[in-house]
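One structure is given below, encoded as structure tokens.
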Amino acid sequence: MRAEIPAARFAAGGEDPYARMLDGGSDGVLRLRRVSSGAIAEEWDFVALSAPADGDDLAVLGGCDGPLLDVGCGPGRMVRAAAQRASAAMGIDVSAAAVRRARADGTPALERSIFDRLPLEGRWRTVLLMDGNVGIGGDPRRLLERCRDLLAPGGVLIAEGAADPDLDEQSLFTVVDAAGAESAAFPWARAGWRVLMAAATAAGLADATHVRSGARHFVRAVAVAPRPISTALTATANAADHRPTRTSG
């Protein structure tokens with residue numbers, strides 16, 4: 001099963017519309033489609049994802065210390081914004097196209113999954129999960145457990161959740177662009193901010209709080225004690241064993 005994990009990564013495979021948009025330098029809308037029903041669950045404005053950090057992004061960074069890790073960094077707007085505030089920062093993304101685009105702007109980024117071994121494990125002061133990246137791997141609790149392992153004691157996780165506080169969906173999805181180009185299926189989760197607060201507590205993080213900025217909702221939680229660092233093998237095996245099946249909301 002472990003050999004199948006790279007093929008199940010976000011928006012990869014198939015016609016790879018995400019990579020095509022990144023490599024083409026084009027703008028547009030990407031849609032998250034449920035495999036089970038074919039219905040569109042969300043739309044993402046690629047213009048906003050590629051633009052400089054906005055006021056809500058900067059408000060989030062206002063309470064962050066470095067070194068900062070942006071998980072699923074995409075073209076790297078949050079890493080650049082953190083660096084402009086004199087914080088040491090790095091992004092990771094499973095998309096080679098996203099990392100190429102980030103690096104083209106001089107943004108530190110690695111082509112890496114959060115379930116791979118990473119630099120500074122157990123020493124990051126801030127870990128970010130923005131723009132729906134709480135969906136990575138299809139299981140928010142396991143994702144937050146991995147974030148917990150990456151943080152230093154007293155380090156902070158900031159995760160963006162859906163406005164519907166009780167949204168809780170784990171399923172298989174594809175990504176589709178306006179022309180109908182579609183990725184291969186991958187496990188993904190959608191979670192409201194109240195669901196994320198519960199997941200953070202269950203993952204061993206403390207002081208989970210809800211923070212709103214404009215129309216966006218974030219959960220802030222703290223790593224309170226040293227944790228055993230998850231090796232790449234253990235974390236990847238956990239991700240491989242998971243089969244997202246629950247859907248609600």
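Scope of the values below: all heavy atoms of this structure, side chains included, with no hydrogens, waters or symmetry mates.
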Residues pairing under side chain to side chain donor-acceptor pair (under 3.5 Å) where one sits in residues 191-208, two or more places apart or in two chains, turn out to be Asp166-Arg194
Original post:
Which pairs count as side chain to side chain donor-acceptor pair (under 3.5 Å) when at least one residue sits in residues 57-70, sequence neighbours excluded?
Top reply: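 Checked against side chain to side chain donor-acceptor pair (under 3.5 Å) - neighbours excluded - the pairs reaching residues 57-70 are Asp57-Arg77, Asp57-Arg216.
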Residue set satisfying ring pair (Phe, Tyr, Trp, His ring centres under 6.0 Å) with Phe218, at least two apart, ordered chain then number -> none
Minimum-distance pair of heavy atoms, taken over all atoms of [X] and [Y]:
X      : Y      : result
Ala189 : Val134 : CB-O, 4.3 Å
Ala221 : Ala208 : CB-CA, 4.1 Å
Arg85  : Gly62  : NH1-CA, 3.7 Å
Ala223 : Ala152 : CB-O, 3.6 Å
Phe173 : Ala41  : CE2-CB, 3.9 Å
Cys64  : Ser87  : O-OG, 4.3 Å

All salt bridge (Lys or Arg N to Asp or Glu O under 4.0 Å) counterparts of [X], not counting sequence neighbours:
X      : result
Arg31  : Glu43
Arg125 : none
Glu42  : Arg190
Arg100 : Asp23

Keeping [X] on the side-chain end and [Y] on the backbone end, is there a donor-acceptor pair under 3.5 Å?
X      : Y      : value
Ser113 : Phe115 : yes
Gln170 : Asp139 : no
Arg101 : Arg103 : no
Thr107 : Arg80  : no
Arg148 : Ala203 : yes
Asp56  : Ala215 : no
Asp149 : Arg146 : no

Identify whether [X] and [Y] are in the same connected component of the hydrophobic contact network (ILVMFWY, side-chain heavy atoms under 4.5 Å).
X      : Y      : answer
Val94  : Phe186 : no
Leu205 : Trp124 : yes
Leu22  : Leu110 : yes
Leu144 : Leu151 : yes
Leu68  : Val156 : yes

Contact check, side chains of [X] and [Y], non-hydrogen atoms, under 4.5 Å:
X      : Y      : value
Glu160 : Ser213 : no
Trp188 : Asn133 : yes
Leu196 : Leu129 : no
Leu150 : Ile114 : yes
Leu167 : Val195 : no
Val60  : Leu128 : yes
Ile136 : Leu143 : yes

Under the side chain to side chain contact (heavy atoms under 4.5 Å, CB included) test, which residues partner [X], sequence neighbours left out?
X      : value
Ala39  : Arg34, Ser37
Arg123 : Leu120
Ala181 : Glu15, Pro17, Arg20, Asp177
Ala19  : Asp16, Ala97

How long is the straight-line distance from [atom2] of [Y] back to [atom1] of [X], given to the nearest 0.5 Å?
X      : Y      : atom1 : atom2 : answer
Leu118 : Met90  : CG    : CE    : 6.5 Å
Phe10  : Ser183 : CZ    : OG    : 7.5 Å
Ser36  : Leu172 : OG    : CG    : 8.5 Å

Listed once per pair and sorted, the salt bridge (Lys or Arg N to Asp or Glu O under 4.0 Å) pairs that draw on residues 88-98, sequence neighbours left out: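 Output for this query is empty, none listed.
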* To do: Decide side-chain contact (heavy atoms from CB on, under 4.5 Å) for Leu32 and Trp44; before the verdict, give the C-alpha distance in whole Å, the side-chain angles of both, and the deciding distance to 0.1 Å.
  => CA-CA 8 Å; Leu32 186 69; Trp44 296 313; 3.7 Å; yes
